[in-house]
Amino acid sequence: MSDLFDKLNEAQRKAVLHFGSPLLILAGAGSGKTRVITTKIAYLIEKHGIYPESILAVTFTNKAAGEMKERVHSMIPESGDVMIKTFHSFGSWLLRNNAHLTGMNRNFLIYDDDDMLKILSDVTEGALKKEELKKFAHWISRAKDSCIKPDGNTLEISVHSKFKDIYAKYQESLRLSGNVDFGDLIMLPVDMLKNYPEIRIRTRQRFRVILVDEYQDSNRAQFELLKQLYDGSNYICVVGDEDQSIYRFRGAEIDNILNFPGYFKGSDTIRLEQNYRSTETILRVASSVVVNNQSRLGKKLWTSSGEGSPVELAYLTDQDREAEFCAGVVADRDYGGTAVLYRMNFQSRTFEEYFMNHNIPYRIVGTKRFYEREEVKDAVAYLSLLVNPGDKVAFTRAVNKPPRGIGKKTLGRILISTGADVSERQDLLKKTEKGLKNLSGKGLRGAKDFLGMINYLKKRMDALSTAEILQDVITRTGLYDYYREKDTGLNIAKAENLKELVNAASGYGTGTGELLRFLENVSLDPDKENPYRESGAVTLITLHNTKGLEFERVIITGLEQDIFPHYSSTQSEEELEEERRLFYVGITRAKRKLYLTSCRTRRRYGKTEYQMPSQFIGEIPPELIKIRNESIPEEESDYPVGTSVYHYDYGTGIILRNWYNNGKLHVLVKFQTGMVGKFIARYSGLERVDSYD
DNA sequence: CAAGATGTAATTTTT
DNA sequence: TTACATCTTG
């Protein structure tokens, strides 16, 4: 224990030792946050005599939870009972654990975003296009992120005239199925703790210590959950970095961290500002960018690791040259230490093609997830149906996969028949049995086939392990053969993926409990697929996905207005600040060297478009950047973003944006007086003020 | 009912 | 451009 302590700096030590009043740890990028949390857990157990099972640590990702577990356990082996979970799996645990008191179905399954769309499509009877459904799904998720029910203030989420109604129908259908969605995993526990005093009291007594990681990403519902868990006598400590809050679009509420001291009275704040990752230059660039944000508590990162080499900025003709530039950077063959970052997934394409053609090893991080693949979802649907015959989403998915002649019409005939009692109406297998009399020919044969299969699986499931049931599912239902035949050309992976799924289930035992555990992990811990696992490969990754990662060298690409910052984020200051934080996250991933690239033109949707440099470039002090290769068109070069200008009437100002309209260069200028003005450059009378000759 | 043909719309995404 | 959704035909 004491030598663990010696490795900490003063602020870290203070954070570990702190106990009693609520604590906010503002942990800058690369400031040894995880070390602090894990040491703190060890310290609480060893020095404060807190029982491991009284400690709750919540994270946002399974990866973070896994790492934390590993590090805590290696520090103190007897810490096995510390509850280290993601917010969602903790919510799931609370709901299952108290199901006997609330009357809720203990064996609920968890629907993902795709399943949500299926339900919505079902309750709106196919009247809406997929794009429209996605909008509603998004709103419903956001509503749940704020604990807003269909009968609540839904206007806050969407003013769409049908939203309230569709949301209500969606909830009804969800309740009928007995399953929950991601949002429910937070919202329902909040309700439960509010409505059942005995559960609330018992839960509060159990968890004497509550630790929250990545607090800046918490949403309102998660904040509500924490409020229910905290009773003033237990200890709450949250760790986060407001400058790294990048999930607003998904309901993250930066005010949670900004106002923590206000919400939790008498709280203390400790800042971890020493950075152990990056060079001084990189940190200066990062902070010069993020100081432009209003919504922050503020901290100043410093390092003792030395100045390092300058940040290099390359203006390139187009995306092909950008890829070429990245290839040039890794010409020294340090592939594994290099990451190429971009704002949007489609940007990876050019890099992929170029790297492929030039034999540069690369890996793409996190686009498609294994458990979201069609064939995998098909197999899982059979399992879901075995556990919950009321799962309509799983039923409609499985019933005709592989095709057995049960299309829209036949399915309609099955589902229209109403059973005598409620349980029969909700049990889709019983319903199918009843519906057989309405069928004939191919449909009848298919339905009988399907039922026979399910019954066969049902009979065997108690005796078999999860992997064995899955093996049965993919062979007996014909799924495996179906996909093996379909697997041709480039798509030869589907049958293979089914095998892989069986493999993934191999760690699970016999019985329904194990099957449920597997299904929960499929929903809550969906492994991201990495096609290239070798470490000696360049990492291609979106900026969002880099959080928590670090690389020797980072290339942030596509620093162009409307790409980064993204066009839909330039409308409001709040959105723009979020983009800026994203830039900050990207910059601070670099340990040793940072490159920035910006293209003059970019092919989009088959057309070549002229790009303006990102306004963020102008926020970096020029002395920190070395410009590698400039190719700025003449007129623009007079007014790049960030240039100081002088106007006869308004005084000095700085160029915030520039863009073309009707072939004329427009500029947006912010003056020292605070005024912001829009001008057509050539008529504006603006004079350039060159402050750095 | 399911494979080919045509049209159309393009963020980021832990769980 | 291209992925994917919807329409049309076998």
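Numbered from 1 within each chain, the chains take letters A, B, ... in sequence-line order.
- The distance from atom CD of A:Gln347 to atom C1' of C:dT2 is 16 Å, rounded to the nearest whole Å.
- Summarising the geometry, the separation between CD on A:Glu560 and C1' on B:dT12 is reported as 16 Å, rounded to the nearest angstrom.
- At the phosphate of B:dT13, OP1 or OP2 sits under 4.0 Å from a side-chain N or O atom of A:Asn345.
- A donor atom on one side chain and an acceptor atom on the other are found under 3.5 Å apart for A:Gln216 and A:Glu214.
- Ring-base stacking between A:Phe249 and B:dT12 is satisfied, the centre separation being under 5.5 Å and the plane angle under 30°.
- Between A:Phe450 atom CZ and B:dC1 atom C1' there is a gap of 18 Å when expressed in whole angstrom units.
- Annotation: A:Glu156, atom CD; neighbour count of heavy atoms from other residues, nucleotides and ligands within 6.0 Å is above 12.
- Comparing A:His566 and A:Thr86 by the nucleotide of DNA chain B that holds the closest heavy atom to each, the one mapping nearer the 5' end is A:His566.
- Within 3.5 Å, no donor on the side chain of A:Thr542 pairs with an acceptor on the base of B:dT12, nor the reverse.
- Side-chain contact annotation: A:Glu520 with A:Ser92, donor-acceptor N/O pair under 3.5 Å present.
- Side-chain contact of A:His88 with A:Thr86: a donor-acceptor pair under 3.5 Å is absent, judged by distance alone.
- Heavy atoms of A:Asp112 sit nowhere under 4.0 angstrom from any nucleic acid atom.
- Atoms CG (A:Asp562) and C1' (B:dA10) sit 14 Å apart, rounded to a whole Å.
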Open item on the list: side chain to side chain contact (heavy atoms under 4.5 Å, CB included) for A:Tyr482 and A:Glu375? Distances and angles first, verdict last.
Closed with: CA-CA 10 Å; A:Tyr482 172 70; A:Glu375 64 278 15; over 6 Å; no
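- With centroids closer than 5.5 Å and planes inclined by less than 30 degrees as the test, A:His544 and the base of B:dT13 fail to qualify as a stacked pair.
- Rounded to whole Å, the C1' atom of C:dA5 lies 23 Å from the corresponding atom of B:dT12.
- Taking atom CG of A:Leu582 as the reference point, atom P of B:dT13 lies 10 Å away to the nearest angstrom.
- A:Glu352 CD: more than 12 foreign heavy atoms inside a 6.0 Å radius.
- Across the protein-nucleic acid pair, A:Asn179 atom CG and B:dT15 atom P stand 19 Å apart, rounded to whole Å.
- The nucleotide whose nearest atom lies closest to any side-chain atom of A:Phe182 is, among B:dT11, B:dT15, B:dT13, B:dT15.
- Of the candidate nucleotides B:dT11, B:dA2, B:dT15, B:dA2 has the atom nearest to the side chain of A:Asn400.
- To the nearest whole angstrom, the two C1' atoms, one in B:dT11 and one in C:dT6, are 24 Å apart.
- For A:Asn545 and B:dT12, the shortest distance from a side-chain N or O to OP1 or OP2 is not below 4.0 Å.
- Nucleic acid contact class of A:Arg349 (heavy atoms, under 4.0 Å, all strands): sugar-phosphate only.
- Rounded to an integer number of Å, the gap from CZ of A:Arg343 to C1' of B:dT11 is 6 Å.
- One atom, CD of A:Glu609, and another, P of C:dT1, lie 14 Å apart when rounded to the nearest Å.
- Both A:Glu575 and A:Pro403 lie close to DNA chain B; mapped to their nearest nucleotides by heavy-atom distance, the more 5′-ward contact belongs to A:Pro403.
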